[in-house]
Each structure stands twice: as C-alpha cells, then as structure tokens.
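Data block below; observations after.
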Amino acid sequence: FIEGNKFPPDLLSLLDLEENGVKAAAWVLNKIKETGVNSSVDAKAKQYGVFSSDTVKLLSPIPSPRKVFCVAENYKEHIEESDREDLKHKERGIPRIFMKPTSNTVIGPEDPILISKNATSIDSEAELAVVIGKRGKYIPAAKALEYVAGYTIFNDVSERDLTIENRTVATERDKFFAWLNGKWVDSFAPTGPYLVTSDEVGDPQNLNIALWVNGQQKQNSNTRYMIDSVVTLIEYLSKVVTLEPGDIIATGTPSGVGFPKGEKLENGDIVEIEMEKIGRITNPVKDEVAW
C-alpha cells in the first residue's frame with residue numbers, strides 16, 4: 001500500500017496517500033487485532049505503534065492542515081440570536097466563508113485557549129469539522145462525500161470586539177475586518193480529539209453537538225439544522241479552490257454562544273465540546289504569557 005513498507009509518520013502524510021492510506025491504516029488495525037496487541041507493556045506494542053492512552057498526549061489530529069475554511073452564519077438559530085437584520089434573509093446555497101491561518105491557530109485537546117493582551121470578549125463556538133481525504137475541484141454535490149476522509153470537532157474561538165488601534169472614523173468595512181482579524185488569534189482553533197472516518201460517522205447531517213463552559217451547558221443542537229449542508233459546502237468551495245487531503249471545513253455553530261448574553265471566556269475557564277460519534281475535546285482558558 002505504501003512506498004518502502006513504511007507507515008506515514010503523521011495523519012496528513014497518511015491522507016496524502018488517499019485510498020492507499022485508508023488501506024494501510026486498515027491493514028495495521030487488522031494486524032493489531034490478529035496479534036492481540038493491547039498494551040504498551042506488550043513486547044509487540046512498539047512494533048505496531050500501540051500505546052496505553054494514559055502514556056501519550058493527543059495532539060490535534062492534523063496539527064498543520066493545508067487550509068482551514070470556516071463557515072459563518074450556518075445555523076438559523078445562531079443568526080436569530082445575533083439579532084442582525086442583514087443576516088436574517090441569508091440565501092440558502094451561498095455560504096459565507098472565511099479562513100484561519102493554520103500554523104498559529106490549530107491546537108489539540110487539553111492545549112490552552114490563550115487570552116491575548118488585546119482581548120476584550122473571547123467566545124467559543126462548537127462546530128463539526130469536515131476533513132478532506134482526496135484532491136478535487138468542481139466537485140458535484142452528488143459525489144461530495146466521496147472526498148471526505150472523516151470528521152472531527154472544531155472550536156471556532158472568536159474575539160468579538162478586537163481593537164488593535166482606535167480609529168477616528170470607523171466604517172462598516174473596518175468593522176468587518178476587525179471581526180475577521182478576531183478569528184485569527186493564536187490558539188483560536190482547538191481541533192480533535194480524533195479524526196473519525198466517514199464510514200463510522202455515516203450521515204454528517206444528523207449528529208448531536210453540545211458545548212459546556214465550566215460544566216454549564218451553553219450549546220445543544222444537531223447538525224441537521226445547518227443551512228448549507230456538508231455536501232453543499234464542498235461543492236461550493238471546490239468551485240473556488242482545489243480541495244486537498246487534510247483540508248478542514250468548519251461548518252458553523254448553532255445558538256448558545258456567549259456574545260449575545262454578554263458572556264466571555266476568562267482565565268481559568270474550561271471549555272468542553274462533545275459531538276455524537278466523534279468524542280469530546282476539552283481545553284482550558286489561560287492568560288497569554290508575553291514573549
């Protein structure tokens with residue numbers, strides 16, 4: 001399945017193999033089952049890469065994705081809680097897409113969400129993330145799911161009121177870019193805990209999703225309420241840019257975010273997101289230590 005019989009060192013390298021990568025992973029898993037390797041104490045464990053879960057730290061499934069696309073206003077309930085007239089008539093089928101830089105935003109389970117010195121109102125957003133598994137462009141909706149490797153959880157952490165410099169005159173365009181810059185801050189894309197393959201997840205439009213802050217539930221919904229479905233998003237994005245293995249599409253958040261209620265994340269908070277069939281990711285919130 002793979003060149004030189006060497007298993008890829010990371011998930012992005014595995015996804016680059018496309019169908020052969022899936023076959024290679026399945027072969028290793030079957031071999032582990034056949035040999036009965038189940039513990040890091042087992043002499044065979046090192047050979048097959050099996051470790052006890054309490055001896056490892058989980059990183060983001062894809063620590064350095066090539067691209068991270070995010071979808072704004074993709075749940076009607078979230079649009080309604082935002083109470084913005086310009087969003088209430090959003091046309092179905094025309095997604096609003098922005099991107100996050102990958103090298104500074106993506107973090108994994110238990111990694112801290114950092115409150116920067118410019119922060120005034122940090123918020124969290126629970127989202128289903130689609131991970132692309134096959135290169136493609138101009139992908140029709142009917143074939144879109146064939147390009148999905150799997151799914152994970154994504155927290156679209158946002159600075160709602162970012163102000164780097166005060167302007168004497170602020171236009172609506174200035175406000176838009178301030179909002180956009182507030183998505184790019186370090187640590188603002190917790191992702192994980194696992195990439196669950198598409199065959200195990202099944203229908204991505206029927207997954208329960210919930211978020212807690214300090215044990216208090218803030219969000220509780222289902223992906224069936226998306227305005228633009230996973231297949232619609234893939235079809236739309238692939239008309240603009242070539243999708244590549246390891247690309248992430250964060251599909252938007254339901255209602256329950258903190259900003260409309262005047263709530264914000266603070267040092268010491270704990271954010272947890274759980275998604276049906278995928279798992280649970282936990283991240284502490286900490287003040288940023290200056291360089």
Side-chain angles (χ1 to χ4, degrees), residues 11-12 15 60-75 77-79 95-109 111 113 122-133 144-145 147-160 179-180 182-196 198 201 204-205 207-211 219 221-238 240-241 243-257 271 273-281 283:
L11 190 50
L12 183 57
L15 293 176
S60 167
I62 307 177
S64 299
R66 291 185 172 91
K67 300 185 283 294
V68 173
F69 301 100
C70 299
V71 184
E73 298 106 26
N74 200 29
Y75 285 77
E77 58 193 82
H78 178 49
I79 291 174
R96 292 182 171 180
I97 308 292
F98 61 95
M99 298 181 71
K100 291 200 178 197
T102 61
S103 61
N104 67 298
T105 60
V106 176
I107 61 174
D111 290 336
I113 297 168
I122 293 181
D123 207 350
S124 53
E125 300 183 1
E127 306 194 8
L128 170 68
V130 179
V131 180
I132 298 299
L145 294 184
Y147 289 79
V148 176
Y151 305 90
T152 190
I153 297 170
F154 190 92
N155 187 349
D156 179 17
V157 183
S158 308
E159 167 53 59
R160 301 294 191 189
W179 170 85
L180 191 61
K183 297 284 189 176
W184 298 348
V185 184
D186 294 350
S187 78
F188 273 21
T191 310
Y194 320 108
L195 188 154
V196 182
S198 54
V201 171
Q205 303 306 150
L207 300 172
N208 293 324
I209 180 172
L211 178 146
Q219 293 183 280
S221 190
N222 189 286
T223 56
R224 72 169 65 97
Y225 299 117
M226 286 183 191
I227 295 173
D228 295 310
S229 67
V230 169
V231 298
T232 298
L233 294 172
I234 292 173
E235 181 181 47
Y236 180 82
L237 276 167
S238 70
V240 180
V241 63
L243 297 180
E244 301 172 284
D247 287 352
I248 292 175
I249 305 172
T251 56
T253 198
S255 63
V257 300
V271 181
I273 301 175
E274 184 172 282
M275 184 165 291
E276 184 180 1
K277 298 185 180 181
I278 295 175
R280 191 180 187 103
I281 183 172
N283 295 95

Would you confirm whether [X], through its side chain, and [Y], through its main-chain N or O, come within 3.5 Å as a donor-acceptor pair?
| X | Y | answer |
| --- | --- | --- |
| Glu127 | Gly252 | yes |
| Ser238 | Ile234 | yes |
| Gln219 | Ala126 | yes |
| Asn74 | Met226 | no |
| Trp184 | Met99 | yes |
| Thr191 | Ala189 | yes |
| Lys100 | Thr105 | no |
| Thr152 | Gly192 | yes |
| Asn208 | Met275 | no |

Please give me the minimum heavy-atom distance between [X] and [Y], naming the atom from each residue.
| X | Y | answer |
| --- | --- | --- |
| Ala129 | Ile153 | CB-C, 4.5 Å |
| Ile281 | Pro109 | CG1-CA, 3.9 Å |
| Leu12 | Gly246 | CD1-CA, 3.7 Å |
| Pro245 | Gly133 | CG-O, 4.0 Å |

Test log, rule salt bridge (Lys or Arg N to Asp or Glu O under 4.0 Å), inputs Glu276 and Arg224: CA-CA 13 Å; Glu276 184 180 1; Arg224 72 169 65 97; over 6 Å; no

Passing option when Tyr151 is tested against Leu195, Ile249, Val196, Val201 for side-chain contact (heavy atoms from CB on, under 4.5 Å): Val201

Pair Lys183, Ser158: side-chain N/O donor-acceptor within cut-off below 3.5 Å: yes

Any side-chain donor near an acceptor of the partner, Ser221 and Glu77, under 3.5 Å: yes

If I take atom [atom1] from residue [X] and atom [atom2] from residue [Y], how far apart are they, to the nearest 0.5 angstrom?
| X | Y | atom1 | atom2 | answer |
| --- | --- | --- | --- | --- |
| Gln205 | Ser229 | CD | OG | 5.0 Å |
| Ser124 | Leu211 | OG | CG | 4.5 Å |
| Thr253 | Tyr75 | OG1 | OH | 7.0 Å |
| Ser187 | Asp111 | OG | CG | 9.0 Å |
| Ser198 | Tyr147 | OG | OH | 13.5 Å |
| Ile278 | Leu128 | CD1 | CG | 5.0 Å |

Lys/Arg N to Asp/Glu carboxylate O, Arg66 vs Asp247, below 4.0 Å: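 Asp247 and Arg66: not salt-bridged.
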
Is the shortest side-chain heavy-atom distance between [X] and [Y] below 4.5 Å?
| X | Y | result |
| --- | --- | --- |
| Ile97 | Tyr236 | yes |
| Val106 | Pro65 | yes |
| Thr102 | Ile62 | no |

